[in-house]
Amino acid sequence: MKKKFGEMSLQELWQLFPIFLVEHNTEWTKWYEEEKNAILATVPSKSIKRINHIGSTAILEIWAKNIVDILLEVNNKSDLDIIKDILINNGWLCMNNTENRITLNKGYTEQGFAKKVFHLHIRITGDNDELFFRDYLNEHEEIAKEYETLKLSLWKKFEHDRDGYTNAKTDFIKKCTDLAKCEYKNRY
């Protein structure tokens, strides 16, 4: 008998959902648009400030985990909880919930990944460093390729350690995000 998610240790979850990278898939943009439209049809528009495709699947021509990340910016803290409750009632799972950030996912099953997998990052407007990072890499192809090389070098080492994989990329992401904020100033 298979364990339910709530019964699994972090190590068991990392075994079931390993880090794996694939070549850039042009379908990711379509997946994002479809999921964005589904979210917008479900959540009150007055609660949403902005919604964007983020993460490596939003960076042109680099290898990425086959997971589409979406950033949903809301007006205030009360909107965070309203949207979380609506989306959980519509099939999303809560991965993480802090005072000013909520992360939901879709496409994780007790048998492993579904064909389409999404991470939805719900934040208060302005908590959007990922937009700067995405744009910087899309506008600086050589830096995007450096990021791809870093990710590929970390893949097997951290295949069953998501936290280690994320932490090993942090300095590179912060450096690029800081450069982007200088270059783009008030873009967001």
Side-chain angles (χ1 to χ4, degrees), residues 1-43 51-72 80 83-98 101-123 129-131 133-134 137-138 144-145 147-170 172-173:
M1 186 162 132
K2 292 258 184 193
K3 286 185 176 181
K4 301 282 184 201
F5 288 136
E7 300 167 347
M8 292 182 187
S9 69
L10 192 55
Q11 286 68 33
E12 289 172 315
L13 288 167
W14 286 345
Q15 288 297 314
L16 185 58
F17 303 109
I19 298 292
F20 72 98
L21 302 175
V22 298
E23 288 186 72
H24 185 81
N25 181 348
T26 57
E27 290 290 305
W28 288 331
T29 301
K30 181 180 172 193
W31 294 3
Y32 161 73
E33 289 295 333
E34 291 169 353
E35 201 57 40
K36 174 181 115 175
N37 290 335
I39 292 166
L40 293 174
T42 307
V43 174
I51 187 167
N52 278 280
H53 185 186
I54 59 168
S56 294
T57 60
I59 299 169
L60 303 175
E61 301 302 319
I62 70 167
W63 283 57
K65 292 190 306 286
N66 199 33
I67 297 170
V68 173
D69 286 281
I70 300 170
L71 176 63
L72 176 63
L80 284 172
I83 291 173
K84 178 187 96 173
D85 292 342
I86 291 169
L87 292 173
I88 286 174
N89 287 329
N90 282 277
W92 287 83
L93 300 172
C94 187
M95 292 172 59
N96 191 22
N97 189 1
T98 63
R101 290 180 164 195
I102 297 171
T103 306
L104 305 178
N105 72 28
K106 189 175 188 182
Y108 286 72
T109 75
E110 290 163 5
Q111 294 76 42
F113 291 112
K115 181 181 179 201
K116 294 180 183 178
V117 181
F118 300 92
H119 288 179
L120 178 62
H121 308 269
I122 308 170
R123 312 259 184 78
D129 281 358
E130 294 87 349
L131 297 177
F133 183 72
R134 176 201 66 194
L137 267 60
N138 277 328
K145 286 301 180 183
Y147 185 54
E148 176 185 64
T149 300
L150 173 63
K151 289 161 60 74
L152 289 168
S153 75
L154 299 171
W155 171 10
K156 293 300 180 183
K157 180 179 180 182
F158 294 106
E159 184 175 13
H160 299 287
D161 179 358
R162 283 183 176 266
D163 290 345
Y165 178 77
T166 299
N167 291 338
K169 299 183 304 175
T170 298
F172 184 93
I173 292 168

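Just so it is clear, the values below take in all heavy atoms, side chains as well, and ignore hydrogens, waters and symmetry mates.
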Please evaluate residues D163 and L10 with respect to the criterion side-chain contact (heavy atoms from CB on, under 4.5 Å), reporting the C-alpha separation (whole Å), side-chain torsions for both, the decisive distance (0.1 Å), and the verdict. CA-CA 10 Å; D163 290 345; L10 192 55; 4.3 Å; yes
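Checking side-chain atoms of S153 against main-chain N and O of L150 turns up a donor-acceptor pair under 3.5 Å. Counting only distance, with no hydrogens or angles, the side chain of K84 and the backbone of L104 share no donor-acceptor pair below 3.5 Å. Formation of a donor-acceptor pair under 3.5 Å by the R134 side chain with backbone atoms of H53 is found in this model. Judged by distance alone, with hydrogens and angles left aside, the side-chain atoms of D161 form no donor-acceptor pair with the main-chain N or O of W14 at under 3.5 Å.
A distance of 11.0 Å separates OG1 in T26 from CG in L60, rounded to the nearest 0.5 Å. Between the CD1 atom in I83 and the CG atom in L120 there is a gap of 8.5 Å [rounded to 0.5 Å]. Here the CG-CG distance, from N52 to L131, works out to 4.5 Å after rounding to the nearest 0.5 Å. Put simply, CD1 on I51 and CD1 on I122 are 9.0 Å apart, with the number rounded to the nearest 0.5 Å. Distance check, rounded to the nearest 0.5 Å: CG of L93 to OG1 of T103 gives 12.5 Å. Here the straight-line distance linking atom CG of L137 with atom CD1 of I62 works out to 6.0 Å at 0.5 Å rounding.
Take W28 and apply the side chain to side chain donor-acceptor pair (under 3.5 Å) test, not counting sequence neighbours, and it matches N66. Checked against side chain to side chain donor-acceptor pair (under 3.5 Å), N105 has no partners two or more places apart in sequence or in another chain. Under the rule for a salt bridge (charged side-chain N to carboxylate O under 4.0 Å, His left out), K151 has no partner lying at least two apart in sequence or in another chain. By the ring pair (Phe, Tyr, Trp, His ring centres under 6.0 Å) test, H121 pairs with no residue at all, sequence neighbours left out. Checked against side chain to side chain contact (heavy atoms under 4.5 Å, CB included), I67 has the following partners two or more places apart in sequence or in another chain: K65, Y108, F113, V117, H119, R162. Take K30 and apply the side chain to side chain donor-acceptor pair (under 3.5 Å) test, not counting sequence neighbours, and it matches no residue. For the side chain to side chain contact (heavy atoms under 4.5 Å, CB included) test, residues two or more places apart in sequence or in another chain that qualify with E12 are K3, M8, S9. Remark: T149 engages no residue in a side chain to side chain contact (heavy atoms under 4.5 Å, CB included) (not counting sequence neighbours). A search for ring pair (Phe, Tyr, Trp, His ring centres under 6.0 Å) contacts involving Y147 returns F133, F172, not counting sequence neighbours. Contacts of R101 classified as side chain to side chain donor-acceptor pair (under 3.5 Å), with partners at least two apart in sequence or in another chain: D127.
Residues W155 and W63 share a closest heavy-atom pair of CZ3-CZ3, 4.1 Å. The minimum heavy-atom distance linking E148 with E61 is given by the pair OE2-O, 3.8 Å.
Screening residues 104-117 for salt bridge (Lys or Arg N to Asp or Glu O under 4.0 Å), with sequence neighbours left out, gives K4-E110, E34-K116, E35-K106. Pairs engaging residues 86-98 under the side chain to side chain donor-acceptor pair (under 3.5 Å) rule: none recorded [sequence neighbours left out].
For the side-chain contact (heavy atoms from CB on, under 4.5 Å) test with F118, the passing option among V68, T57, D69 is V68; the others fail.
Contact of the I70 side chain with the W31 side chain is not registered, since no non-hydrogen atoms from C-beta on lie closer than 4.5 Å.
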